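Everything quoted here is computed from the prediction, not taken from an experiment. Each chain gets a letter, A, B and so on, in the order its sequence line appears, and its residues count up from 1.
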Amino acid sequence: MADEKKLTPRGDDFSAWYNEVVQRAELADYSPVRGSMVIRPWGYGIWENMQRALDQMFKDTGHENAYFPLLIPMSFIEREKDHVEGFAPELAVVTQAGGKQLEEPLVIRPTSETIIYHMYAKWVQSYRDLPILMNQWANVMRWELRTRLFLRTAEFLWQEGHTAHATPEEAEEETLSILGIYRTFMDEWIGMPPVTGLKSESEKFAGAVRSYACEALMQDNKALQAGTSHFLGQNFSKQFDLKFQSVEGQEEYAWNTSWGVSTRLVGGMVMTHGDDDGLVVPPRLAPVQVVIVPILRGDDTQAAVLAKVDEVAGRLKELGVRVKVDARDHLSPGAKYYEWERKGVPYRMEIGPKDLEKGSVALARRVIPEGAKRKEFVEENEAVAGMPARLEAFQTELRDRALARREANTVRGVNSLGELAEALDGGAGFVYTGWNGDPAVEEQVKEATKATSRVIPGPEFRSDPAPATCVSGNGKAEVEVVWARAY
RNA sequence: CGGGACGUGGCGCAGCCCGGUAGCGCACCUGAAUGGGGUUCAGGGGGUCGCCGGUUCGAAUCCGGCCGUCCCGACCA
């Protein structure tokens with residue numbers, strides 16, 4: 001890496017900091033195609049760990065994986081009115097194949113509701129065929145005008161769940177259950193505790209009846225929509241003829257949900273935990289949780305040190321710890337320390353000749369606790385046996401730190417547009433106010449502050465007492481709403 | 001898609017105003033010594049200067065067009 005020893009300090013220019021961290025941690029790189037990125041092994045490893053955890057959570061709640069095709073007939077997209085209006089501007093379209101003009105253009109999926117509900121319609125006849133609880137891991141493409149690595153790229157990886165139910169109550173329950181899974185996942189795995197709730201009409205998914213979302217607060221106090229779960233009602237089932245015969249023998253349209261999280265979560269992780277030294281990867285997501293750096297002298301201690309390092313690595317692996325030994329000979333130990341710190345590896349262990357004599361190892365955590373030394377020397381067996389607990393403790397600490405930051409940057413009890421603007425200009429993240437429900441107020445707020453409504457908070461997040469008046473000063477509050485400047 | 005800036009070995013930049021055939025730092029390769037926070041010395045490889053066209057004896061440099069990147073808006077997981 002060039003001559004820069006320090007990253008652009010966060011705060012001066014968070015965007016520049018973000019780009020630098022993502023590239024210097026070797027998470028991703030730009031591809032030759034405008035707006036799309038190459039996810040490098042380190043970034044993909046993090047995504048894989050996210051996938052694995054989420055996939056298990058979906059399976060534990062009765063979902064199954066399936067795969068639907070990349071190309072969708074244009075006419076499918078056009079069938080649901082709001083859906084086509086929402087996605088038309090960002091569709092990539094295939095008009096030619098096999099050297100011929102296609103009779104009907106095919107779109108590269110921006111999301112798969114249409115093709116999936118088309119297929120569900122063929123599979124469902126009776127209420128006995130319901131519910132269908134499916135998920136797919138796939139890539140989708142939205143021709144975004146302004147892109148950023150992980151946060152908004154033309155092509156991105158995600159999971160999209162699509163379910164069909166016999167009753168609206170059951171579909172609604174599914175929607176909320178998934179929202180809960182997302183929240184738990186973001187909290188416990190990414191250490192990125194979100195605020196969850198309902199999206200306003202203007203912010204909801206194109207084609208949904210109701211959208212729920214997880215909104216996380218980044219270190220620059222901008223909100224990131226990190227996951228969404230939609231109650232689609234019968235909007236799609238009616239357009240795709242997804243019908244079933246009820247217990248009573250009636251023909252009825254099914255009730256659908258769809259929900260997704262994407263590689264954007266990797267970007268969220270970066271912006272939640274990264275610091276001036278680079279990336280910080282929470283232990284549960286880290287492809288490498290402990291890197292061992294042997295201290296190699298040009299003398300006869302080398303073989304013994306390397307043997308010890310391998311032995312310790314083997315014992316850590318037996319405990320389920322993901323370990324990497326960095327025995328590269330052409331780099332000094334210091335150079336390796338900086339490299340692994342940049343990539344966010346949670347723990348580093350150094351083993352050298354002195355440790356062999358003393359039966360100890362040196363341990364350094366990626367984020368050094370307040371007032372602690374940069375390295376601690378720990379008895380070897382304790383260091384090995386205690387590693388899983390150390391990793392869990394670090395995981396929890398990162399999460400607690402993020403939660404504390406979110407709360408410290410949340411402002412409640414705001415009663416006017418002036419106060420809202422003041423709070424946001426003063427560096428606030430989430431601002432809670434009352435709202436009369438009128439979309440015109442969202443316009444007003446955006447005009448005045450650049451902030452948008454993020455969610456109408458769920459019960460866990462509401463203020464007590466609830467706000468009485470709308471932030472516009474115009475009428476009483478129908479609901480409470482969370483405002484923020486957003487990605 | 002509108003406004004602004006920029007495009008020169010892998011990365012960061014100088015050279016451009018005033019045209020003469022490309023340079024610096026880091027990274028990379030070889031060797032030796034070094035090795036507990038970015039090691040040192042010596043030697044070495046790598047660039048049709050974003051692309052296309054124009055002006056000129058001659059273009060990284062001047063002119064036109066296109067493409068791309070970044071920042072600010074509008075749009076979005």
Whole-Å distance separating the CZ atom of A:Arg24 from the P atom of B:rG10: 19 Å
Base paired to B:rA27 (Watson-Crick or G-U; both N/O distances under 3.5 angstrom): none
Any-strand Watson-Crick or G-U partner of B:rG19, both distances under 3.5 Å: none
Selection: residues 297-308 of chain A, any non-hydrogen atom under 4.0 Å of RNA chain B: A:Arg297, A:Gly298, A:Gln302
Enclosure of A:Glu64 CD (heavy-atom neighbours >12, cutoff 6.0 Å): no
Nucleotide B:rG36, atom P - distance to CH2 of A:Trp340 in whole Å: 18 Å
Heavy-atom neighbours of A:Lys222 NZ exceed 12 at 6.0 Å: yes
Ion pair check, A:Arg342 and A:Glu26, cut-off under 4.0 Å: no
C1' spacing across the pair B:rC41 / B:rG36, given as an integer number of angstrom: 23 Å
Atom pair distance, as rounded to whole Å: CG in A:Leu363 and P in B:rG36: 18 Å
C1'-based separation of B:rU8 from B:rU48 [nearest Å]: 13 Å
Euclidean distance, atom CD of residue A:Gln23 to atom P of B:rU69 [Å, nearest integer]: 12 Å
Nucleotide of B:rG36, B:rC28, B:rG37 approaching A:His330 most closely (side-chain heavy atoms): B:rC28
Sugar-phosphate only, base, or nothing, as touched by A:Glu341 at under 4.0 Å among non-hydrogen atoms: base
Candidates B:rG37, B:rG38, B:rC71 - which lies nearest the side chain of A:Lys375: B:rG37
Residues A:Lys373, A:Glu376: salt bridge by 4.0 Å N-O rule: no
Footprint string (nucleotides 72-77 of chain B, 5' to 3'): B base within contact, S backbone only, - free, heavy atoms under 4.0 Å: BBBBBB
Interatomic distance at P, B:rC1 relative to B:rG10, whole Å: 29 Å
Atom-to-atom span, CD of A:Glu26 to C1' of B:rC11 - whole angstrom: 12 Å
Rounded P spacing from B:rC62 to B:rC49 in Å: 15 Å
A:Arg142 to A:Phe87 six-membered ring, cation-pi geometry met (6.0 Å, 45°): no
Separation of atom CE in A:Met37 from atom P in B:rC70, rounded to whole Å: 13 Å
Whole angstrom value for the distance that separates C1' of B:rG36 from NZ of A:Lys358: 10 Å
Inter-nucleotide P distance (B:rG50, B:rC16), Å rounded: 16 Å
Residue A:Lys354, side-chain heavy atoms: nucleotide from B:rU39, B:rG36, B:rG37 that is nearest: B:rG36
Under 5.5 Å and under 30°: A:Tyr337 stacked on B:rG37: no
N/O donor-acceptor pair under 3.5 Å between A:Arg183 side chain and A:Pro194 backbone: no
Phosphate OP1/OP2 of B:rU69: any A:Asn19 side-chain N/O under 4.0 Å: no
Sidechain N-carboxylate O distance under 4.0 Å for A:Asp275, A:Arg366: yes
Sugar-phosphate only, base, or nothing, as touched by A:Arg328 at under 4.0 Å among non-hydrogen atoms: nothing
Distance in angstrom units between A:Trp143 CH2 and B:rC1 C1', rounded: 14 Å
B:rG9 and B:rA60, which share atom name P, separated by this distance in whole Å: 14 Å
Whole-angstrom distance between B:rC66 and B:rC72, as gauged at atom P: 25 Å
Stepwise ring pair (Phe, Tyr, Trp, His ring centres under 6.0 Å) test for A:Trp42 and A:Tyr44: CA-CA 5 Å; A:Trp42 190 247; A:Tyr44 198 79; over 10 Å; no
Qualifying residue, where the test is side-chain contact (heavy atoms from CB on, under 4.5 Å) with A:Glu113 and the options are A:His118, A:Arg79, A:His162: A:His162
A:Lys358 NZ: over 12 foreign heavy atoms closer than 6.0 Å: yes
NZ/NE/NH1/NH2 to OD/OE distance under 4.0 Å, A:Glu357 and A:Lys354: no
C1'-based separation of B:rG15 from B:rU21 [nearest Å]: 14 Å
OP1 or OP2 of B:rG35 under 4.0 Å from side-chain N/O of A:Ser332: no
